[in-house]
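In what follows, a single structure is set out as structure tokens and then discussed.
The shown structure was predicted, so the numbers you read here are calculated from the model rather than taken from an experiment. We name chains A, B, ... by the order of the sequence lines, and we start the count at 1 in each one.
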Number of protein chains: 2
Amino acid sequence: MPRTPRQDRARATVDAIVEAGFIALSQRGPAATTTRHIAEIAGVGVGSLYEYFENKEAIFNVMSQRFIKDTVAMIKPLTPTLVRMPIDAAIRTLLNEFKDFLEMNDGRYLKCVRHAMAVDFELHLDPLFQVLNEVIMRYLMSHPETLQIRRIPAMAYIGINGGIFAVIRHLSDPDPMISFDELADGLAAMIGHYITQELKEREALAASET
Amino acid sequence: MPRTPRQDRARATVDAIVEAGFIALSQRGPAATTTRHIAEIAGVGVGSLYEYFENKEAIFNVMSQRFIKDTVAMIKPLTPTLVRMPIDAAIRTLLNEFKDFLEMNDGRYLKCVRHAMAVDFELHLDPLFQVLNEVIMRYLMSHPETLQIRRIPAMAYIGINGGIFAVIRHLSDPDPMISFDELADGLAAMIGHYITQELKEREALAASET
DNA sequence: TGATTTTTCCGAATTGAATCCGAACAAGCG
DNA sequence: CGCTTGTTCGGATTCAATTCGGAAAAATCA
């Protein structure tokens, strides 16, 4: 039965364990990350891990949650800036920020994210999808003419999924066929062209109705 | 030292082990899939696993390779049909075939694919990327006017990644915001609009040059 | 065919990592 | 200070992965 920490001392060990988890996972990979290792890096006895975590998996879970929380915290403050930009610039900016974020701390997050995704694909990613949907909604509000385009939910779904996984895959690829800039430019152009084309079609439709 | 099977009997056990791996993994998930389990389902002694596989991971690896091989075998014969279709219909068809393929055998592949991806993200996926690139190249050849659009490599990269991961995520999502048809329609429209818009821009450019 | 070699199969024994547990240590509190 | 509660620890335990040595089956040979 894992307990919740009451004293600062205990909260510090929990933090140290999670931090050690990130370090061990990024250094050795998931298979070679043992409880002894995590404990050693955290400067803590093995038994202590089980005071606050059900098992090793639970440590990975809160690591995953913390990663998503940090990602959301990184994106949220960008919203006001993004909604003021042209769509293609906004997408490029967002992708580059995400890239830099993943490469922080010697790529620690990037190295961890694949394994984290494997542990649970749907659960922890949710807040990230929510905040990105929020960004999109605000964008649409700030550009009312875009509200008439079709398939907004589908485009959001595709754009978010495509964006996240394309970036992660690209950064993980030792020999990518295209540069990161080409990737970002491509995604931006794809969405940009979609919107342009939709607006034209709507316009033509409106004209033919009068 | 794992050996390679010489006799038919041995090849049958190897097959049974891999098959059992798929069954165990889809029934119990990666964490609960033990070597005893796999051996039991395969109707084989535990020791036999290690006759032909370095370790448990190696079993998962050939499962992953077999999955990709089956996927490629599913896609390849579709190529001639796909290249004759309008782009949006081609994309919808491909996505639906992929969906049906993943849901075969009571969703066995779908249940396995997440874990398989985690084990190695880049290596085994390669043949799938190759065959999809091949499909795209043939498509472009069959529709010469599309050869003048820009960012073809980036679009292929984004389309393939976006397509694969969007489908897997959607099928894994217990409560998706959009239907599968909306997803497929969205991807088709996104690419379709991109091409339309590009062709228009190329055309305008050509006209202004004369 | 019978002998010999190679291949295959097995499951008890070993190994090592994950997890448990109870003693020892610190903090808050009267 | 005694008492209760929270915290830490690392040896003991458990359980899955892997090894090993020999028995059974098939292939090859004389």
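- Rounding to whole angstrom units, CZ of residue B:R3 and C1' of C:dT8 are separated by 6 Å.
- A straight line from CZ of B:R28 to C1' of D:dA16 spans 14 Å, rounded to a whole angstrom.
- Note on B:Q7: only backbone sugar-phosphate atoms sit closer than 4.0 angstrom, heavy atoms only; bases stay farther off.
- One N or O on the side chain of A:Q148 and one on the backbone of A:E145 form a donor-acceptor pair closer than 3.5 Å.
- If you find the closest nucleotide of DNA chain D to A:V46 and to B:Y50, the one lying nearer the 5' end belongs to A:V46.
- Residue A:R6 has a polar side-chain atom (N or O) positioned under 4.0 Å from OP1 or OP2 of D:dG6.
- With salt bridges taken as basic N to acidic carboxylate O contacts below 4.0 Å, none links B:D185 and A:R150.
- C:dA17 atom C1' lies 12 Å from atom CG of A:L49, rounded to whole Å.
- In this model, the phosphate group of D:dT8 is approached by a side-chain N or O of A:T13 to a distance below 4.0 Å at OP1 or OP2.
- Between A:R36 and A:S48, the one whose closest nucleotide on DNA chain C sits nearer the 5' end is A:R36.
- Taking atom CG of A:N55 as the reference point, atom P of D:dA16 lies 14 Å away to the nearest angstrom.
- Proximity of B:R9 to the phosphate of C:dT7: no side-chain N or O atom is located under 4.0 Å from OP1 or OP2.
- At least one side-chain nitrogen or oxygen of A:T35 sits closer than 4.0 Å to the OP1 or OP2 atom of C:dA18.
- With rounding to whole Å, B:Y52 atom OH is found 19 Å from D:dA17 atom C1'.
- Atom pair B:R11:CZ and D:dA26:C1' shows a separation of 13 Å (rounding to whole Å applied).
- When the P atom of C:dT15 is taken as reference, atom NZ of B:K56 falls 21 Å away, rounded to whole Å.
- Taking the nucleotide of DNA chain D with the nearest heavy atom to each of B:T33 and B:E51, the more 5' of the two is matched to B:T33.
- As a whole-Å value, the separation of A:F53 CZ from D:dT7 P is 13 Å.
- Using a 4.0 Å cut-off between a side-chain N of Lys or Arg and a carboxylate O of Asp or Glu, A:R108 and A:E19 qualify as a salt bridge.
- Taking the ring axis of A:F129 as reference, the NZ or CZ atom of B:R169 stays within 45° of it and closer than 6.0 Å to the ring centre.
- Using bins of under 30°, 30° to 60° and over 60° for the plane-to-plane angle, the ring pair A:F22/A:Y109 lands in the perpendicular bin.
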